[in-house]
Amino acid sequence: TQSTRPQRILGAVQQNATRGDPRSVVRAIDQYCRNQEWAMNVGDEKGCILDSVVSEVNPATVLELGTYCGYSTVRIASLLPPHAKLITLEFNPEFAVIARQVIAWAGLEDKIQLVEGASGDLIPKMKEQFGVETFDLVFLDHWKDRYLPDTKLMEECGLLRKGSVLLADNVICPGTPEYLEFVRSSPRYESQYFKSHLEYTKVEDGLEKSVFLG
Ligand SMILES: O=C(NC/C=C/[C@H]1O[C@@H](n2ccc(=O)cc2)[C@H](O)[C@@H]1O)c1cc([N+](=O)[O-])cc(O)c1O
Ligand SMILES: [Mg+2]
């Protein structure tokens, strides 16, 4: 029976990465997706921008919207301080099965909690069910038409504090026009665009970093 792209990505990790070495997991996925088949990981070029923002924020609590195969999950978690926690939301059970194995191969299970479900349903439960106060960093990389409603939902649920950082992938390609307009025009956010390229291509894309001002 035919394998799926996520299954082939997991295979590339198991064949080419070293157990317990997150950076080798990241490298194995990038090499596979650059040389064998494209996949919607944030990738190595935008990944360096992601690394710099994570290192600058040095977050104790991170929320990732959109796990997929766990590439950015592992990339972020590998840079977190000892007791920091990353919660990642994944809607597709098949993707979740793969991501859990990628996270395990990297040896990062203790830092990462993968929760299955829709962001719109899970965000209101963050405080009561997952014991979260606020998030220091949110990485948005799920369905592009959910970036804005979920940002408003996080505000309403008191999950953002003065200084919380939102980092959004794909603000150019595929594009998140309503989200971009909102964070760039709202007086409650200080936004900055990091120009880059769509993963594994020469097409323009970028990350938008938006600091919540409270
Ligand atoms: O479409 C894109 N991303 C959508 C990602 C969606 C992911 O978020 C999950 N989710 C988790 C929780 C939810 O509530 C909803 C979905 C979905 O189950 C999926 O795993 C995309 C597309 C391109 N592209 O070039 O076409 C490039 C990119 O970098 C992209 O990120
Ligand atoms: Mg993306």
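Both ligands and their constituent atoms are indexed starting at 1 by order of listing.
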Peer 1: To which of Glu64, Glu90, Lys144 does the heavy atom nearest atom 3 (N) of ligand 1 belong?
Peer 2: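 Looking at heavy atoms only, Lys144 sits closest to atom 3 (N) of ligand 1.
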Peer 1: If we only consider heavy atoms of Leu65, is any one of them less than 4.0 Å away from an atom in ligand 1?
Peer 2: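 The answer is no, since Leu65 has no heavy atom less than 4.0 Å from ligand 1.
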Peer 1: For ligand 1, does Ser119 get within less than 4.0 Å through its side chain, its backbone, both, or neither, judged by non-hydrogen atoms?
Peer 2: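 Both of them.
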Peer 1: Hey, is Leu198 one of the residues with a heavy atom under 4.0 angstrom from ligand 1?
Peer 2: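 It does; at least one heavy atom falls under 4.0 Å.
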Peer 1: Could you tell me whether Lys46 and ligand 1 have an N or O pair separated by under 3.5 Å?
Peer 2: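 Lys46 vs ligand 1: no N/O contact under 3.5 Å.
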Peer 1: When you measure from the Mg ion (ligand 2) to the N, O or S atoms of Glu199, does any of those distances fall below 2.8 Å?
Peer 2: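 Glu199 does not place any N, O or S atom closer than 2.8 Å to the Mg ion (ligand 2).
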Peer 1: Under 2.8 Å from the Mg ion (ligand 2), can any N, O or S atom of Asn41 be found?
Peer 2: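 Looking at Asn41, which is the residue asked about, there is no N, O or S atom under 2.8 Å from the Mg ion (ligand 2).
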Peer 1: Measure from the ring center of His142 to the ring center of Tyr68 and say whether it is less than 6.0 Å.
Peer 2: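 Here the rings of Tyr68 and His142 have centres that are no less than 6.0 Å from each other.
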Peer 1: Which atom pair, heavy atoms only, marks the closest approach of Glu56 to Lys209?
Peer 2: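 Here Glu56 and Lys209 meet closest at OE2-NZ, 2.9 Å.
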Peer 1: With a 4.0 Å cut-off, would you call Asp141 and Lys144 a salt bridge?
Peer 2: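 The answer is yes: the pair qualifies as a salt bridge.
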Peer 1: Phe135 and Thr61: which non-hydrogen atoms are nearest, and at how many Å?
Peer 2: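 Result for this residue pair: CA-OG1, 3.3 Å.
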Peer 1: Hey, does the Lys NZ or Arg CZ of Lys85 hover above the aromatic six-ring of Phe130, less than 6.0 Å from the centre and inside 45° of the axis?
Peer 2: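 That pair does not qualify as a cation-pi contact.
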Peer 1: How does Phe95 reach ligand 1, if at all, at less than 4.0 Å between non-hydrogen atoms: by side chain, backbone, both, or neither?
Peer 2: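 The part of Phe95 near ligand 1 is the side chain, not the backbone.
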Peer 1: Can Arg184 and Glu208 be counted as an ion pair, charged N to O under 4.0 angstrom?
Peer 2: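 Looking at Glu208 together with Arg184, the answer is yes, because their closest N to O distance falls below 4.0 Å.
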Peer 1: Do you see a donor-acceptor pair shorter than 3.5 Å between the side chains of Glu94 and Thr4?
Peer 2: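 No - no donor-acceptor pair under 3.5 Å links their side chains.
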Peer 1: Using a 4.0 Å heavy-atom cut-off, which part of Asn92 comes near ligand 1: side chain, backbone, both, or neither?
Peer 2: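 Both backbone and side chain.
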Peer 1: Could you establish whether Trp38 and ligand 1 come within less than 4.0 Å of each other, counting only heavy atoms on the residue side?
Peer 2: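 Contact check Trp38 vs ligand 1: positive.
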Peer 1: Run through Asn35, Asn41, Asp44 and flag the one making a side-chain hydrogen bond (donor to acceptor under 3.5 Å, both in side chains) with Tyr200.
Peer 2: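 Of all the options given, the one that passes is Asn41.
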Peer 1: With heavy atoms under 4.0 Å as the rule, classify the contact between Asp169 and ligand 1 as side chain, backbone, both or neither.
Peer 2: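 Answer for Asp169: side chain.
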